[in-house]
Amino acid sequence: MSIRTRFAPSPTGFLHIGGVRTALFNWLLTRRHGGQFVLRIDDTDIERNRPEALQPIIEGFRWLGLNWDEGPEVGGPYGPYFQSQRLDLYKEAAYALVAKGHAYPCLATKEELEAERKASEAAKKPYVHRGKLRDVSVEEAQEILARESAAIRLRVPLGRTVRIRDHIRGEVEWQTDLIGDPVLLRPDGRALYNFATVVDDVAMRITHVIRAAEHLSNTPVQVLIYEALGEKLPEFAHVPVVNEPGSKKKLSKRDMKKFVTPEVRAKLRAIGWTDEEIDAKDDLNPATVAYYRELGYLPQALVNYLGRLGWSMDDRSEIIPLEQMIASFSLDRVNDAPASFDPDKLYWLAGEYMRQLPLEERTRGVIPYLVRARLIRESPDQATVDRIRQIVEACGDRLKLFSDILPYGAFFFRDPEYDPAALQKRVHKPGMPELLSAFAEVLRHTEPFTVPVLEEKLREFCERKGVKSGDMIHALRVSTTGVTVGPGIFDCLAILGKEAVLERIAKALAMKPEN
RNA sequence: GCCCCCAUCGUCUAGGGGCCUAGGACAUAGCCCUCUCAAGGCUAAGACAGGGGUUCGAAUCCCCUUGGGGGCACCA
């Protein structure tokens with residue numbers, strides 16, 4: 001039988017980084033063994049669900065290249081793949097369990113349960129709920145259900161040990177005496193997570209349940225439900241959670257605003273986001289996939305990073321192309337311990353993938369950032385694209401993210417924004433204005449205006465004047481680009497062109513120092 | 001409080017009794033290269049949580065302690 005895994009996100013409006021990591025492991029296992037990866041939307045929480053909240057999840061998966069064999073937009077033989085459309089199935093299953101004597105009605109009110117819980121706490125005893133009607137006959141149970149709106153609870157068998165063999169945790173066991181009878185169905189007929197999940201996993205023939213470790217404690221209840229249903233248990237694998245950067249705390253789905261640190265905010269602003277826009281979007285922070293997409297990370301880098309977070313291929317591989325990851329993925333090389341998300345390492349990986357990307361694709365990837373920054377217009381003409389390509393090439397390894405085009409290349413498209421300190425230090429220093437003017441004259445007569453010729457002219461000039469080429473280069477850089485960092489100066493000059501270069505030098509020289 | 005899980009450099013990890021004076025990677029620091037930055041090269045610093053066993057031998061197996069995490073819902 002082929003492997004079937006699933007990922008069941010709630011449509012919350014964003015794709016969480018920890019969730020994707022879990023999804024990736026599910027996906028990898030099926031790609032490795034030729035099974036099916038199912039995307040099932042857990043949208044039973046009707047109040048909070050907006051249909052458009054699904055889009056970021058779908059788009060995130062698409063962007064990452066994690067395709068699903070069954071689920072939204074692609075369908076499949078075990079649909080529907082929205083839990084909100086499967087409500088009758090849960091109801092049916094719950095009533096079937098009542099008929100088999102595995103479940104029973106519960107009339108307890110919230111207040112009663114709360115009081116019970118408090119009492120256990122006061123008595124320092126573990127809170128284990130057993131319904132009053134736990135032992136009524138099947139007939140009586142059905143009668144009550146027909147007559148009143150009651151919740152349905154599973155009758156947890158007493159005095160037993162539930163044992164699973166988790167692919168990552170090994171053997172784990174629980175005493176059923178410590179497991180309260182869980183509610184399967186609310187009085188209004190809506191299923192609870194633990195029940196709906198099992199019913200769906202059974203119906204969808206899921207063979208491997210690979211999920212976050214926080215679900216480990218749900219597992220005994222679910223195992224009991226499988227048993228009551230008379231179904232075979234799937235394989236379980238509980239992957240360690242992903243922790244916040246520099247922390248031992250789980251990377252939470254709640255309160256993600258705290259990840260919008262001043263640095264993060266600065267990064268987003270640098271690529272054209274306003275504070276209002278940042279605050280208005282709840283999926284724009286480092287805990288979501290959308291954030292990395294927005295900043296121009298390569299999806300393959302993110303996949304590689306996430307794949308290596310809690311899993312390793314061997315003792316040294318870090319850059320693992322997807323094909324290789326698929327070929328070598330296995331659950332037993334997933335680590336037991338939680339892993340902290342490390343933005344630095346992801347950034348490094350992003351650079352590694354970027355430099356492997358063909359120039360043409362780098363050029364294409366950079367364009368949207370230039371458009372957003374209003375440096376070029378939408379759908380640039382061929383000449384502009386050619387120029388962008390030159391700039392991207394000149395940026396070389398500096399370009400790790402597509403958005404890096406802005407810090408490294410914005411000055412090619414607009415007037416320099418002069419850094420006053422740099423201007424002072426590199427251009428308006430004793431003797432330099434004269435030298436610059438003299439070299440500008442040389443440039444005026446330089447033909448062709450190309451990298452090798454420019455370099456030769458400068459070296460020649462420096463030798464003639466007896467100045468260090470470094471000093472001249474710094475002055476040229478600051479006067480033509482406004483800043484102290486950027487691609488090689490001769491690349492900059494050649495791309496800017498003679499006219500712009502002369503104009504910028506003149507302008508920089510004309511800018512009088514403050515005092 | 002109860003249940004469950006986890007524990008190697010700051011971080012991601014290798015390690016499944018001797019190959020470990022613990023390897024790799026990111027980050028950090030220094031040097032080299034160099035027109036800046038980036039990249040690259042070299043080097044440095046940096047860990048088996050603690051204590052007991054088992055064994056000729058333990059990072060590796062067992063127990064305890066400590067620490068961290070998750071759960072104990074008519075949330076998912």
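Order of the sequence lines fixes the chain letters, A, B, ..., with proteins taken first and strands second; residue numbering starts at 1 for each chain.
Between B:A22 and B:A45, the two C1' atoms lie 16 Å apart (nearest whole Å). Taking atom P in both B:G30 and B:G69, the straight-line distance is 35 Å, to the nearest Å. Straight-line distance between the P atoms of B:C61 and B:C6: roughly 12 Å, to the nearest whole Å. Comparing B:A47 with B:G41, their C1' atoms sit 27 Å apart, to the nearest whole Å. B:C9 and B:A29 have their C1' atoms separated by 15 Å, with the value rounded to a whole Å. Nucleotides B:G67 and B:G50 are separated by 15 Å at their P atoms, to the nearest Å. Nucleotides B:C12 and B:G17, compared at atom P, are 25 Å apart to the nearest Å. Remark: the separation of the C1' atoms in B:C19 and B:A58 is 15 Å, to the nearest Å.
Base pairing of B:G17 is not made with any nucleotide, judged by Watson-Crick or G-U wobble geometry with both donor-acceptor distances under 3.5 Å. Checking B:G40 for Watson-Crick or G-U wobble geometry (two distances, each under 3.5 Å) identifies B:C32 as its partner. Shown here, B:G46 forms no base pair; nothing in the strands shown gives a Watson-Crick or G-U wobble contact with both key distances under 3.5 Å. B:G1 and B:C72 make up a base pair, with Watson-Crick or G-U wobble contacts both under 3.5 Å. Across all strands shown, B:A7 is found opposite B:U66 as a Watson-Crick or G-U wobble partner, with both distances under 3.5 Å.
Going from atom CG of A:Leu251 over to atom P of B:C12 covers 13 Å, rounded to whole Å. We find that CD of A:Glu352 is positioned 9 Å from C1' of B:A39, with the value rounded to whole Å. One interatomic measurement links the two molecules: CZ of A:Arg6 to P of B:A76, which rounds to 14 Å at whole-angstrom precision. Taking atom OH on A:Tyr90 and atom C1' on B:C74, their separation rounds to 17 Å, with Å as the unit. A:Asp419 places its CG atom 14 Å from the P atom of B:C37, with the value rounded to the nearest Å. Between the P atom of B:C75 and the CG atom of A:Asp43 lies a distance of 16 Å, rounded to the nearest Å. The nearest whole Å value for the distance from the CZ atom in A:Phe236 to the P atom in B:C5 is 15 Å. Rounded to an integer number of Å, the gap from A:Asp336 CG to B:U8 C1' is 13 Å.
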What N/O pairs connect the protein and nucleotides 44-46 of chain B at under 3.5 Å? Give each pair on its own line.
none

Could you run down the sub-3.5 Å N/O contacts of the protein with nucleotides 70-72 of chain B?
unit_1 : atom_1 : unit_2   : atom_2 : d
B:G70  : O2'    : A:Glu214 : O      : 3.3
B:G71  : O4'    : A:Ser217 : OG     : 3.2
B:G71  : O2'    : A:Ser217 : OG     : 3.1

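Among the heavy atoms of the strands lying under 4.0 Å from A:Glu173 are primed sugar atoms or P, OP1, OP2 only; no base atom is included. Using a 4.0 Å heavy-atom distance criterion, A:Pro187 is classed as a base contact. Across all strands shown, A:Leu113 has heavy atoms under 4.0 Å from base atoms, whether or not it also approaches the sugar-phosphate. Base contact: A:Ala108 has a heavy atom under 4.0 Å from a base atom. Residue A:Gly310 is in sugar-phosphate contact alone, with no base atom involved, counting any heavy-atom pair closer than 4.0 Å across all strands shown.
By the 4.5 Å heavy-atom criterion applied to side chains, A:Pro80 and A:Arg86 are counted as neighbours.
Counted by atom type alone, A:Asp43 and A:Ser84 present one or more donor-acceptor pairs between their side chains at under 3.5 Å.
Residue whose closest nucleotide on RNA chain B sits further toward the 5' end, between A:Lys125 and A:Tyr408: A:Lys125. Nearest-nucleotide assignment on RNA chain B puts the 5′-proximal partner with A:Glu171, out of A:Glu171 and A:Tyr305.
A salt bridge (charged side-chain N to carboxylate O under 4.0 Å, His left out) check over residues 488-498 of chain A, counting only residues at least two apart or in different chains, returns the pairs A:Glu447-A:Lys498.
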Under 3.5 Å, which donor-acceptor pairs do the side chains of residues 465-475 of chain A form with other protein atoms, sequence neighbours left out?
unit_1   : atom_1 : unit_2   : atom_2 : d
A:Ser469 : OG     : A:Arg459 : NH1    : 3.1

Identify each donor-acceptor pair in which a side-chain atom of residues 220-228 of chain A lies under 3.5 Å from a protein atom, sequence neighbours left out, and give them as a table.
unit_1   : atom_1 : unit_2   : atom_2 : d
A:Gln222 : OE1    : A:Arg211 : NH2    : 2.5
A:Gln222 : NE2    : A:Asn194 : OD1    : 2.8
A:Glu227 : OE1    : A:Arg160 : NH1    : 2.9
A:Glu227 : OE1    : A:Arg160 : NH2    : 3.3
A:Glu227 : OE2    : A:Arg160 : NH2    : 3.2

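Taking the ring centroids of A:Trp311 and A:Phe329, they lie under the 6.0 Å cut-off. Taking the six-membered ring for Trp and the full ring otherwise, A:Tyr193 and A:His215 have centroids separated by under 6.0 Å. Checked against a 6.0 Å centroid threshold, the rings of A:Tyr291 and A:Tyr297 do not count as neighbours.
Applying the salt bridge (Lys or Arg N to Asp or Glu O under 4.0 Å) rule to A:Asp404 yields no partners; only residues at least two apart in sequence or on another chain are considered. When the side chain to side chain contact (heavy atoms under 4.5 Å, CB included) test is applied to A:Arg389, the partners found at least two apart in sequence or on another chain are A:Leu359, A:Glu360, A:Thr363, A:Gln382, A:Val385, A:Asp386. Under the side chain to side chain donor-acceptor pair (under 3.5 Å) criterion, A:Glu116 pairs with A:His129, sequence neighbours left out. Remark: A:Thr261 engages no residue in a side chain to side chain donor-acceptor pair (under 3.5 Å) (not counting sequence neighbours). Legend: residues meeting side chain to side chain contact (heavy atoms under 4.5 Å, CB included) with A:Lys258, ordered by chain and number and at least two apart, are A:Glu244, A:Asp255. Among residues two or more places apart in sequence or in another chain, the side chain to side chain donor-acceptor pair (under 3.5 Å) test is passed with A:Glu235 by A:His167.
OP1 or OP2 of B:C75 has at least one side-chain nitrogen or oxygen of A:Arg186 nearer than 4.0 Å. OP1 or OP2 of B:G69 has not a single side-chain nitrogen or oxygen of A:Arg169 nearer than 4.0 Å.
Look at A:Glu114 and A:Lys118 and you find a salt bridge, because one of the NZ, NE, NH1 or NH2 atoms lies within 4.0 Å of a carboxylate O, short of that distance.
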Response to the item:
Readout for nucleotides 15-36 of chain B: B = base within 4.0 Å of protein heavy atom, S = sugar-phosphate only, - = neither; 5' to 3' it is S-------BBBBS-------BB
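Nearest nucleotide to the side chain of A:Arg153, out of B:C74, B:C3, B:A76: B:C74. Taking every side-chain heavy atom of A:Asp397 into account, B:A38 is the closest of B:C12, B:A38, B:A7.
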